[in-house]
Amino acid sequence: MKKKVVGIGKHLVTGSVEENLCTYALGSCVALTLYFPAAQVAGMSHVVLPNSLVNINGKSRNGPAYYADTAVAALLASMQEAAGNRGYTSLFGLSAKLIGGATMLRVKSPFNIGINNVRALERQLAHHRIPISACEVGGNICRTVTIRAENGHVLVQSPATTSRIL
């Protein structure tokens, strides 16, 4: 299997059953995965912050996958393009999984970036009517996430815990 790494604040899509998409060491960041089983198309965003409005003067050096409020639409557009290249005009049956959103600081923080990332993604997914089929969010552990285009299975790995498939 070929592994394509999804960088911080980036997103990737694959329609090759020979490829996995992977992102490493999620703390408060959230991996958003989308899977379209009919075309075996998988996508992943590595979301860093909940809201793009934090940009000074509305300008950003970061792409849309960096922010929860813009990541879903950006990933969805890439998924539609990949499925369209395979002859699909609808993404009926598309589902999402959310992984990450941990609290990594031991001190109390008013920002709660992890849970705010999760909530913002949930709102955007609801807006686009995309069901969430699995979630592993919160806690205080970092996670590495891999999605397989072949079947949409998501492998979650954390230090000192057993690997899980969502």
Side-chain angles (χ1 to χ4, degrees), residues 4-15 21-37 39 41-85 88-105 107-147 149 152 154 156 158 166:
K4 293 173 80 175
V5 177
V6 180
I8 296 169
K10 305 292 182 194
H11 76 265
L12 290 174
V13 170
T14 184
L21 301 178
C22 180
T23 196
Y24 295 98
L26 293 166
S28 61
C29 296
V30 177
L32 161 65
T33 68
L34 295 180
Y35 187 65
F36 180 52
V41 173
M44 181 187 292
S45 289
H46 183 131
V47 177
V48 180
L49 292 173
N51 195 316
S52 60
L53 297 178
V54 299
N55 297 320
I56 297 170
N57 299 326
K59 296 180 182 177
S60 175
R61 296 174 301 174
N62 303 309
Y66 200 87
Y67 305 101
D69 66 339
T70 53
V72 174
L75 185 56
L76 190 56
S78 294
M79 294 286 293
Q80 287 173 322
E81 181 180 344
N85 290 340
Y88 290 88
T89 57
S90 165
L91 291 178
F92 182 77
L94 182 74
S95 64
K97 295 178 183 177
L98 300 175
I99 302 93
T103 301
M104 300 308 291
L105 300 176
V107 295
K108 228 165 174 44
S109 169
F111 300 109
N112 298 318
I113 294 171
I115 196 65
N116 287 332
N117 280 337
V118 172
R119 288 180 181 147
L121 285 167
E122 289 172 337
R123 282 191 300 274
Q124 288 300 312
L125 290 165
H127 173 76
H128 289 282
R129 295 189 172 124
I130 300 170
I132 299 171
S133 63
C135 258
E136 185 181 306
V137 298
N140 60 1
I141 58 172
C142 68
R143 298 168 173 98
T144 293
V145 178
T146 305
I147 185 170
V154 173
V156 181
S158 303
L166 302 179

- Message: Taking atom CD1 as the centre, does I8 end up with more than 12 heavy-atom neighbours from other residues, nucleotides or ligands that are less than 6.0 angstrom away?
- Response: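 No - once you tally the heavy atoms of other residues, nucleotides and ligands closer than 6.0 Å, there are 12 at most.
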- Message: Applying the side-chain contact (heavy atoms from CB on, under 4.5 Å) criterion to C22, which one of T144, V145, V6 satisfies it?
- Response: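 Considering T144, V145, V6, a side-chain contact (heavy atoms from CB on, under 4.5 Å) with C22 is found only for T144.
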Is a side-chain donor or acceptor of [X] paired with a backbone partner of [Y] at a separation under 3.5 angstrom?
{"X": "N117", "Y": "V48", "answer": "yes"}
{"X": "T103", "Y": "N140", "answer": "no"}
{"X": "K97", "Y": "I132", "answer": "no"}
{"X": "Y35", "Y": "A149", "answer": "yes"}

- Test side-chain contact (heavy atoms from CB on, under 4.5 Å) on L98 and L125 and set out the steps. CA-CA 10 Å; L98 300 175; L125 290 165; 4.1 Å; yes
- Message: With a 4.5 Å cut-off on side-chain heavy atoms, are L76 and L94 touching?
- Response: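 Yes, their side chains come closer than 4.5 Å.
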For a quick test of reading the model, state the closest non-hydrogen atom pair linking [X] to [Y] and the distance between them.
{"X": "S45", "Y": "H11", "answer": "OG-CB, 3.2 Å"}
{"X": "V47", "Y": "A71", "answer": "CG2-CB, 3.7 Å"}
{"X": "P50", "Y": "N116", "answer": "CB-O, 3.7 Å"}
{"X": "Q124", "Y": "A68", "answer": "CG-O, 3.5 Å"}
{"X": "G9", "Y": "A65", "answer": "O-CB, 3.4 Å"}
{"X": "F36", "Y": "F92", "answer": "CE1-O, 3.2 Å"}

[X] [atom1] to [Y] [atom2] distance, which is reported to the nearest 0.5 Å:
{"X": "L21", "Y": "T14", "atom1": "CG", "atom2": "OG1", "answer": "5.5 Å"}
{"X": "Y24", "Y": "C29", "atom1": "OH", "atom2": "SG", "answer": "15.5 Å"}
{"X": "S78", "Y": "M44", "atom1": "OG", "atom2": "CE", "answer": "14.0 Å"}
{"X": "L75", "Y": "T33", "atom1": "CG", "atom2": "OG1", "answer": "9.0 Å"}
{"X": "S28", "Y": "N112", "atom1": "OG", "atom2": "CG", "answer": "10.5 Å"}
{"X": "L49", "Y": "Y66", "atom1": "CG", "atom2": "OH", "answer": "5.0 Å"}

- Task: Run the numbers on I99 and V30 for side-chain contact (heavy atoms from CB on, under 4.5 Å), then give the verdict.
- Result: CA-CA 6 Å; I99 302 93; V30 177; 5.9 Å; no
- Query: Among side-chain atoms of D69 and S52, is any donor-acceptor pair under 3.5 angstrom?
  - Reply: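 Note: D69 and S52 side chains meet the donor-acceptor criterion.
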- Item | T23 and its side-chain hydrogen bond (donor to acceptor under 3.5 Å, both in side chains) partner, picked from K4, R143, H46 |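 When side-chain hydrogen bond (donor to acceptor under 3.5 Å, both in side chains) is applied between T23 and each of K4, R143, H46, only H46 qualifies.
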